[in-house]
Amino acid sequence: MKTITLYDVARVAGVSYQTVSRVINQAAHVSPRTRDKVQAAMQELNYVPNRGAQQLAGKATRALGLLTTDLALHAPSQIASAVKRRAGEVGFSVLISMVESHDWQACLTALQELQAQRVEGLLVSVPLEREVAEALAAAAPMPVLFLDVGNDAQVNSLVFDAEQGARLGVEHLLTLGHRHIALLAGPQTSVSARARLSGWQRALQQAGIEPGAVAFGDWSAASGYEKAHALLNEKPYPDAVLVANDQMALGVLRACAEKGIRVPGQLSVIGYDDTTDSAWFTPPLTTIRQQFKEAGRRSVDWLIAQPAADSTSRQMRQSVELIVRGSTAAKQPEALQDDDLAQCLQELAARVARRSTDL
């Protein structure tokens, strides 16, 4: 197929190729009527501007960089989607660099790759320790905003309020009468996982309650399944379990089903994130919602408004909310639980008998 050029667009639009160039580069001195004609011609011809050539010519590409972790995980993928959506609305593209490790060298290499592509600002959606985050901010020649760092990092940051989320989950369970509460945290290497765990522990301590047990997963449903079997290995079972993300909570629900533990009849479960699928779990999952779309909008808007020379660090928080669904319920008396179990066994026996008769 023939490559479409500026001259082809100019011919269809009935203007000079210099005018097409001015429209592509968003020059101010082009009339709205002419701009519309050029854009219509570009759309008709499926013309895509050569951003590489624009960079070589020293022309601004209006791009932001996103340094992120594993996009197979829900939170990083949702943040990336929200950032790209908002950046597109305000005329920016987003260049993504994904790192497998969260150490200084990996982050520095990713920063240099994005810097070579002339990004105007950088969003860092990687869980980083204070020292690495501060060193990365100092090495960056453009404004940087961190989306997953601790409160002690002296960098520009916009993070979800883990303390608020932990408190909402604990208070909900206490209101339902639960006192024997287990904790399934994320990996200890994750800043956000540690923040959720410490928030749970503080909220329980303030209520005069010790956590029944603590386990650590790796954010995956498989690890939630494995750790739930360990947490539920011996009776008496906990009344409830707080889980650091919805994917691990899905594994918990699977383990409960296999062990014959009814949720929420015998165990209440609370997740974290409010993934798209969590409302369709069995039962639908009570969880802590993080507003990824709003965080994407705020982070992009803040970043493109910052002058590169501004050295003042700002720590911003994004609120979260409790979403109550079917995986939590008031604690039932032990006698009632036993009666419910007996009823379930009777119903199961009746089903087996009916199936035998049909055969």
Side-chain angles (χ1 to χ4, degrees), residues 70-79 81-82 160 162 165-166 168-178 180-187 190 192-193 196-197 199-200 212-233 237-293 320-332 337 340-341 344 347-348:
D70 189 356
L71 290 178
L73 295 173
H74 177 77
S77 66
Q78 290 300 298
I79 288 173
S81 176
F160 288 102
L168 289 172
V170 169
E171 290 176 351
H172 178 59
L173 291 179
L174 295 179
T175 299
L176 294 174
H178 300 300
H180 185 198
I181 300 171
L183 308 177
L184 177 48
S190 168
S192 55
R196 292 171 196 179
L197 176 60
W200 288 335
V214 180
F216 299 89
D218 65 5
W219 299 125
S220 70
S223 72
Y225 172 81
E226 175 189 350
K227 301 302 179 181
H229 271 287
L231 289 171
L232 302 172
N233 191 42
Y237 299 137
D239 303 333
V241 58
L242 287 158
V243 189
N245 76 333
D246 288 355
Q247 286 171 287
M248 289 197 298
L250 175 60
V252 172
L253 295 179
R254 168 69 180 273
C256 288
E258 289 186 358
K259 295 178 74 68
I261 299 173
R262 288 171 291 110
V263 178
Q266 294 172 280
L267 181 76
S268 286
V269 178
I270 297 184
Y272 209 108
D273 283 340
D274 190 28
T275 65
T276 304
D277 295 333
S278 63
W280 301 98
F281 290 176
T282 304
L285 185 66
T286 295
T287 185
I288 305 299
R289 174 178 292 169
Q290 301 193 105
Q291 296 282 8
F292 294 114
K293 184 181 294 186
V320 298
E321 61 178 313
L322 174 69
I323 304 300
V324 179
R325 298 194 181 103
S327 65
T328 53
K331 177 177 170 57
Q332 297 182 4
Q337 291 187 19
D340 287 348
L341 180 59
C344 288
E347 291 177 355
L348 180 59

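Only this structure's heavy atoms are used, side chains among them; waters, hydrogens and symmetry mates stay out.
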* Stepwise side chain to side chain contact (heavy atoms under 4.5 Å, CB included) check, Ser278 with Asp273 -> CA-CA 9 Å; Ser278 63; Asp273 283 340; over 6 Å; no
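- Distance CD1/Ile270 to OG1/Thr287: 8.5 Å, rounded to 0.5 Å.
- Under a 3.5 Å cut-off, the side chain of Ser81 and the backbone N or O of Ser77 do not form any donor-acceptor pair.
- Residues passing the ring-ring contact (aromatic ring centres under 6.0 Å, His included) test with Tyr225 are His229, sequence neighbours excluded.
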* **Worked verdict on Asp239 versus Leu173 for side chain to side chain contact (heavy atoms under 4.5 Å, CB included)** => CA-CA 9 Å; Asp239 303 333; Leu173 291 179; over 6 Å; no
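- Sorted by first then second residue, the salt bridge (Lys or Arg N to Asp or Glu O under 4.0 Å) pairs that include residues 277-288, not counting sequence neighbours, number zero.
- Evaluation of the side chain to side chain contact (heavy atoms under 4.5 Å, CB included) rule for Gln247 yields Leu73, His74, Asn245 as partners, not counting sequence neighbours.
- Every residue two or more places apart in sequence or in another chain that forms a side chain to side chain contact (heavy atoms under 4.5 Å, CB included) with Pro264 is listed here: Ser268, Ala329.
- Considering Val241, Val170, Leu242 in turn, Leu242 is the only one that fulfils the side chain to side chain contact (heavy atoms under 4.5 Å, CB included) rule with Leu183.
- Here the straight-line distance linking atom CD1 of Ile261 with atom OH of Tyr237 works out to 4.0 Å at 0.5 Å rounding.
- Every residue meeting the side-chain hydrogen bond (donor to acceptor under 3.5 Å, both in side chains) condition with Gln291, not counting sequence neighbours, appears here in chain and number order: Glu321.
- Sorted by first and then second residue, the salt bridge (Lys or Arg N to Asp or Glu O under 4.0 Å) pairs involving residues 214-226 (not counting sequence neighbours) form an empty list.
- Under the salt bridge (Lys or Arg N to Asp or Glu O under 4.0 Å) criterion, Arg325 pairs with Asp274, sequence neighbours left out.
- We find the CG-CE distance between Leu184 and Met248 to be 4.5 Å, quoted to the nearest 0.5 Å.
- Annotation: side chain to side chain contact (heavy atoms under 4.5 Å, CB included) contacts of Ala193 (sequence neighbours excluded): Pro187, Ser190, Trp219.
- Here salt bridge (Lys or Arg N to Asp or Glu O under 4.0 Å) pairs that include residues 242-253, with residues two or more places apart or in two chains, number zero.
- In this view, Thr282 satisfies the side-chain hydrogen bond (donor to acceptor under 3.5 Å, both in side chains) rule with no residue, not counting sequence neighbours.
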